[in-house]
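A quick write-up on the structure given underneath.
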There are 2 protein chains.
Amino acid sequence: MESRIDRIKKQLHGASYKLTPQREATVLVLLEHEEDHLSAEDVFLLVKEKAPEIGLATVYRTLELLTDLKVVDKINFGDGVSRYDLRQEGAAHFHHHLICIECGTVDEIQDDLLGDVEKIVESRFQFKIKDHWLTFHGICKRCKPDVEDGEV
Amino acid sequence: MESRIDRIKKQLHGASYKLTPQREATVLVLLEHEEDHLSAEDVFLLVKEKAPEIGLATVYRTLELLTDLKVVDKINFGDGVSRYDLRQEGAAHFHHHLICIECGTVDEIQDDLLGDVEKIVESRFQFKIKDHWLTFHGICKRCKPDVEDGEV
DNA sequence: CTTCGTGCAAATATTTTGCACCAAT
DNA sequence: ATTGGTGCAAAATATTTGCACGAAG
């Protein structure tokens, strides 16, 4: 069976790029932290553990490359920093985020919630949708004082 | 009849801030460019025309103040710059954006499209929604080659 | 030997902060 | 006098770029 990194390697090769050790280490960090929303600096520090000689500029260049290839999405939560999220393979759409204004946690929603909304927007505004970004700000279940939440 | 700027003035006073000439010039620029999505630098250059002695730091401080008071929303389209949008008065929710990947135009949608989606998210994830950000990327009607668009 | 990719340092861009000064109580 | 607000310059942050060098065909 073909692994995720193999497929990313093929994508790179298909676009005439090499999977150098630095790029591989970067992709591995992203795979190992799929749940997180790492900044370039975060990625840099984690990659440094595998490949201490790597430079921050290379991480930026790799992340930009992966963004162009649609391997990752570059997202922005309004703090001054860009964050990088691996795309779900084969996902038609970008996933959504729930940001807790109490604790700052960012949860992801993979569900496709916008099918109906997109139909409305496409017909009402004659706008051909290619992708969407949906973020909710609010209070997550862990911070809701009035709820006795079973698990976490 | 009470004007928009008067109400903003009252909001400032209510929070123990003054509407200084610099702040007033900044708010006026925002009111005159309600359709646009101005960066701090954009606002600065426009305010300079009314009040040439103003400093960029003051514009930043004013925009931050207005953001805190929820007079404006600070938004981020992924280029490295924050942009500032006047809130619709009385709007329960932030408006949505349509970004054209061909021509870069940003259109606004005031419609509240997410009522049903929010209900689902609140119950499924036990997440109390306070606000949302929805942006669509795609091709606007002006850039669609196959459509003979009547107006605009 | 040519191309692509890298590390480092310098440059750039954006936003924030320190501080002295000014205006209005 | 005290407070809040400002302009300017410097600092802090985040990201990009120039360049010489190294690795791989």
Side-chain angles (χ1 to χ4, degrees), chain A residues 8-29 37-69 71-85, chain B residues 8-29 37-69 71-85:
Chain A
I8 291 172
K9 185 172 183 177
K10 282 189 183 167
Q11 273 190 270
L12 283 165
H13 286 169
S16 307
Y17 295 108
K18 296 169 196 162
L19 185 63
T20 62
Q22 291 91 336
R23 287 175 185 165
E24 184 169 24
T26 304
V27 172
L28 286 174
V29 161
H37 300 85
L38 303 175
S39 68
E41 184 85 24
D42 294 336
V43 174
F44 171 61
L45 292 173
L46 289 163
V47 171
K48 239 177 155 26
E49 296 174 10
K50 297 172 192 286
E53 74 292 349
I54 201 169
L56 179 56
T58 300
V59 171
Y60 272 103
R61 283 184 283 231
T62 300
L63 291 171
E64 188 192 13
L65 178 57
L66 294 173
T67 304
D68 288 347
L69 294 177
V71 172
V72 304
D73 280 301
K74 184 176 179 180
I75 55 182
N76 206 305
F77 291 134
D79 54 351
V81 206
S82 292
R83 296 172 184 283
Y84 299 85
D85 253 30
Chain B
I8 292 172
K9 185 172 183 176
K10 282 189 182 165
Q11 273 191 268
L12 282 164
H13 287 169
S16 307
Y17 295 108
K18 297 169 196 161
L19 185 62
T20 62
Q22 292 88 337
R23 286 176 185 164
E24 183 169 25
T26 304
V27 172
L28 286 174
V29 161
H37 299 83
L38 303 176
S39 68
E41 183 85 26
D42 295 335
V43 175
F44 171 61
L45 292 173
L46 289 163
V47 172
K48 239 176 157 25
E49 296 174 10
K50 297 174 193 286
E53 73 292 350
I54 201 170
L56 179 56
T58 300
V59 171
Y60 272 104
R61 285 184 281 230
T62 301
L63 291 171
E64 189 192 12
L65 177 57
L66 295 173
T67 304
D68 288 348
L69 294 178
V71 173
V72 304
D73 280 302
K74 183 176 178 179
I75 54 182
N76 205 304
F77 292 134
D79 52 352
V81 206
S82 291
R83 296 172 184 283
Y84 298 85
D85 254 29

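Computation of the quantities below employed the complete heavy-atom set of this structure, encompassing side-chain atoms and omitting hydrogens, waters and symmetry-equivalent molecules. Below, read A as the first sequence line, B as the second, and so on, with proteins coming before strands; counting in each chain starts at 1.
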Selected nucleotide, minimal atom distance to A/Leu56 side chain, candidates C/dT6, C/dC4, D/dT15: D/dT15
Length of the NE2-P vector between A/His13 and C/dT3, whole Å: 19 Å
Closest listed nucleotide, where the reference is the side chain of B/Tyr17 and the choices are C/dC4, C/dT14, D/dG5: D/dG5
Separation of C/dT14 C1' from B/Lys74 NZ (nearest whole Å): 10 Å
Touch class at under 4.0 angstrom, heavy-atom based, for A/Ser82 against every strand present: sugar-phosphate
Sugar-phosphate only, base, or nothing, as touched by A/Glu64 at under 4.0 Å among non-hydrogen atoms: nothing
Euclidean distance, atom CG of residue B/Leu63 to atom P of D/dT6 [Å, nearest integer]: 12 Å
Shortest side-chain distance from A/Tyr60, nucleotide among C/dT6, D/dG5, D/dT16: D/dT16
Whichever of A/Ala51 and B/Glu41 has its nearest DNA chain C nucleotide further upstream toward 5': A/Ala51
B/Lys9 NZ: over 12 foreign heavy atoms closer than 6.0 Å: no
Nucleotide C/dT14, atom P - distance to CG of A/Asp79 in whole Å: 17 Å
D/dT6 OP1/OP2 closer than 4.0 Å to side-chain N/O of B/Thr58: no
Position toward the 5' end of DNA chain D (nearest nucleotide), A/Arg61 or A/Ala40: A/Ala40
Shortest non-hydrogen contact between B/Leu69 and B/Gln11, atoms and distance: O-NE2, 3.3 Å
Spacing between B/Glu53 atom CD and C/dC22 atom C1', to the nearest angstrom: 13 Å
Sugar-phosphate only, base, or nothing, as touched by B/Ile54 at under 4.0 Å among non-hydrogen atoms: sugar-phosphate
Rounded distance (Å) that lies between atom P of D/dG4 and atom CG of B/Leu19: 17 Å
For the student: nearest non-hydrogen atoms of B/Lys18 and B/Leu12, plus distance: O-CD1, 4.1 Å
Neighbour count above 12 (heavy atom, 6.0 Å) for A/Tyr17 OH: no
A/Ser82 versus A/Lys74, closest heavy-atom pair with distance: OG-CE, 3.4 Å
Atom pair distance, as rounded to whole Å: CG in B/Leu65 and P in C/dT17: 15 Å
A/Arg23, nearest nucleotide to its side chain (from D/dG5, C/dG5, D/dG7): C/dG5
Side chain of A/Ala57 - closest among C/dT15, C/dA9, D/dT15: C/dA9
Nearest-neighbour nucleotide for the B/Thr20 side chain, D/dT6, C/dT16, C/dG5 considered: D/dT6
A/Lys18 NZ - C/dT2 C1' separation (whole Å): 11 Å
